[in-house]
Amino acid sequence: MNHSPSADGTLTLPESLNSSDHDVHPLLEVRHLTKRFPVRQGFASRWFNAVDDVSFHVRARETYALVGESGSGKSTTGRTVLRLVEAGAGQVRFDGKDVFTLRAKPLREWRKEVQMIFQDPLSSLDPKRSIGYSIEEPLIIHRIGTRRERLERVRQLLIRVGFTAADAGRYPHEFSGGQRQRIGIAKALILNPRLIICDEPVSALDVSIQSQILNLLMELQREQALSYLFIAHDLSVVHHIADRIGVMYRGRIVEEAPTETLFSSPRHPYTQFLLASIPPTHPRLKNTGSLPVITDTGGPRRRQGGCVFSDRCPYARPACHEQTPPERQVGRQHRVACFLYP
Ligand code: SF4
């Protein structure tokens, strides 16, 4: 099902949600993705694996969350998928197409299908332009529709995300953080994408506003058959929105499972640590109180080849410091990279 505007530039709302052709294959497949950056150490430099052999997939109409602390590589993964940064190795396939080999027109066409929502919506809104223009701009860039058709589409989207048509003439500074994120969502939707990469879209907002934005994203997903790659540092944020979760630590996915499985039976010690870190008073979620508390020792980085979590893990054994634990299937759609699960 193609939600892109038609070749003649006519703007249409998404087609029927009844098609099942994308249920067979994943919409997005990421295989062995690796991205390294050089870092300076005194006079020497070394390579830092921001994303290290990461594989996952996102199905049509699914929300797949990548969760981990700051610096775990989740945002770099999202940006590499979108080709905002070039990958060092690995493959990304979108609807069967090899994204890294796309050039010129096929690349421009693919860019309409995948959009991004940022933590700071101001980064995608021009402060000197009205929000109506900012939302319309991708249509102008891709030469889609007549002026009248574009304005009508902007009006529809503004109303859908909770504004009035008259708000199109206002400027970004006139809105609150939550309202700006709604504007960012409208802008991401203007080209009728199939996949949206949501990079920490609610982490700068109050908890009550977070819930409103998450609810809006879930409603839009149902209405427009969207898939989300949802990036967050907080498991409590993704609990309601994600179908499956990949937990990232220092560039690697250490555990992946359906959301309810991950919350009820976390296997990796780092996932257990993240769950135990959710305050018992959290309004959306309470921790079980039975998970181990692991503190960040600030200890040395692991030696090359060992488990990424070995310098913090209370269960570490000698092999953990020497060898990378292979991924094991420990349940339906549940994989974990830890020597505790042979
Ligand atoms: Fe801990 Fe070893 Fe498992 Fe890594 S492989 S999480 S160090 S027990």
Side-chain angles (χ1 to χ4, degrees), residues 2-4 22 26-37 49-68 70-125 134-135 137-139 141-142 181 184-203 217 220-221 224-233 238 241-242 246 248 251 253:
N2 188 357
H3 297 308
S4 298
H22 289 292
L27 181 63
L28 177 75
E29 285 178 274
V30 176
R31 294 182 192 156
H32 306 293
L33 191 70
T34 297
K35 177 64 187 174
R36 302 195 305 165
F37 293 107
N49 284 351
V51 180
D52 189 1
D53 196 17
V54 161
S55 298
F56 64 92
H57 66 269
V58 185
R59 301 186 189 103
R61 301 173 206 135
E62 182 185 46
T63 298
Y64 182 90
L66 278 178
V67 178
S70 172
S72 60
K74 54 196 191 305
S75 288
T76 304
T77 300
R79 283 162 191 270
T80 309
V81 166
L82 205 52
R83 290 188 57 179
L84 297 179
V85 291
E86 288 298 317
Q91 192 179 48
V92 172
R93 297 186 81 82
F94 183 84
D95 205 9
K97 288 189 289 277
D98 185 344
V99 168
F100 291 164
T101 62
L102 296 178
R103 301 279 180 274
K105 191 173 179 210
L107 178 59
R108 287 196 297 277
E109 290 300 312
W110 174 73
R111 287 205 187 281
K112 293 185 205 163
E113 305 217 61
V114 184
Q115 296 293 312
M116 194 156 186
I117 299 171
F118 300 90
Q119 176 179 350
D120 177 10
L122 283 180
S123 62
S124 67
L125 300 175
S134 286
I135 296 171
E137 193 176 27
L139 295 175
I141 291 169
H142 288 280
Q181 197 51 285
I185 291 170
K187 180 166 183 165
L189 289 173
I190 193 79
L191 293 172
N192 283 333
R194 291 161 65 189
L195 174 72
I196 298 184
I197 299 176
C198 308
D199 190 1
E200 303 259 15
V202 298
S203 56
L217 287 171
L220 292 167
Q221 180 174 47
Q224 308 202 15
L226 290 164
S227 301
Y228 293 137
L229 172 57
F230 196 100
I231 293 164
H233 65 268
V238 301
I241 195 169
M248 280 192 85
I253 292 183

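Note that this is a predicted model, so its numbers are computed, not measured. Values reported hereafter were calculated over all heavy atoms of this structure, with side chains retained and with hydrogens, waters and symmetry mates removed. Positions are given from 1, in the same order as the sequence printed here.
- The backbone N or O of Y228 sits nowhere less than 3.5 Å from a side-chain atom of T63 that would complete a donor-acceptor pair.
- Scanning both residues, V92 and F100, for their nearest heavy atoms gives CG2-CZ, 3.4 Å.
- With contacts defined as side-chain heavy-atom distances shorter than 4.5 Å, the pair Q181/Q119 does not qualify.
- Side-chain atoms of W110 and D95, non-hydrogen and from C-beta on, never get closer than 4.5 Å to each other.
- The closest donor-acceptor contact from the side chain of E62 to the backbone of R59 lies under 3.5 Å.
- Formation of a donor-acceptor pair under 3.5 Å by the K74 side chain with backbone atoms of I231 is not found in this model.
- The line from CD1 of I117 to NZ of K187 is 12.5 Å long, rounded to the nearest 0.5 Å.
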Fill in: Verdict with reasoning, E200 to H233, per side chain to side chain donor-acceptor pair (under 3.5 Å)
CA-CA 7 Å; E200 303 259 15; H233 65 268; 2.9 Å; yes

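- Of the possible donor and acceptor atoms, none in the side chain of R93 sits under 3.5 Å from a partner among the backbone N and O of V30.
- Using a 4.5 Å heavy-atom threshold, the side chains of D52 and R36 count as separate.
- For the atom pair L226 CG and Q115 CD, the distance stands at 11.0 Å (nearest 0.5 Å).
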Worksheet entry | Verdict with reasoning, T77 to L33, per side-chain contact (heavy atoms from CB on, under 4.5 Å) | CA-CA 8 Å; T77 300; L33 191 70; 4.1 Å; yes

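- The existence of a salt bridge linking R111 and E113 is excluded, since no basic side-chain nitrogen approaches an acidic carboxylate oxygen closer than 4.0 Å.
- Here the side chains of F118 and C198 are not in contact, with every heavy-atom distance at 4.5 Å or above.
- Taking all atoms of both residues into account, the shortest heavy-atom contact from G78 to L229 is CA-CD2, 4.5 Å.
- Contact record, A188 with I196: CB-CD1, 4.3 Å, taken as the closest heavy-atom pair.
- Of the possible polar contacts, none joining the T80 side chain to the A87 backbone as a donor-acceptor pair under 3.5 Å is found.
- For V99 against V81, the heavy-atom pair with the smallest separation is CG1-O, 4.2 Å.
- A donor-acceptor contact shorter than 3.5 Å links the side chain of S227 to the backbone of R61.
- One finds the CG atom of L195 at 8.5 Å from the CG atom of L82 (value rounded to the nearest 0.5 Å).
- Annotation: side-chain hydrogen bond (donor to acceptor under 3.5 Å, both in side chains) contacts of S75 (sequence neighbours excluded): D199.
- When every heavy atom of K35 is checked against every heavy atom of T76, the shortest pair comes out as CG-CG2, 4.0 Å.
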Worksheet item: Going through the checks in order, is the side-chain contact (heavy atoms from CB on, under 4.5 Å) test met by E137 and I190?
Response: CA-CA 9 Å; E137 193 176 27; I190 193 79; over 6 Å; no

Item to complete: Decide side-chain contact (heavy atoms from CB on, under 4.5 Å) for M248 and V67; before the verdict, give the C-alpha distance in whole Å, the side-chain angles of both, and the deciding distance to 0.1 Å.
Response: CA-CA 6 Å; M248 280 192 85; V67 178; over 6 Å; no

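- For the ring pair (Phe, Tyr, Trp, His ring centres under 6.0 Å) test, residues two or more places apart in sequence or in another chain that qualify with Y64 are F56.
- The shortest distance between side-chain heavy atoms of F94 and E29 does not fall below 4.5 Å.
- Checked by atom type and distance alone, the side chain of R79 never pairs as donor or acceptor with a backbone atom of E86 at under 3.5 Å.
- Side-chain contact between V51 and T34: absent, with no pair of heavy atoms (C-beta onward) separated by less than 4.5 Å.
- Taking each heavy atom of I253 and S55 in turn, the nearest pair found is CD1-O, 3.7 Å.
- The side-chain hydrogen bond (donor to acceptor under 3.5 Å, both in side chains) test applied to D120 returns no partner, not counting sequence neighbours.
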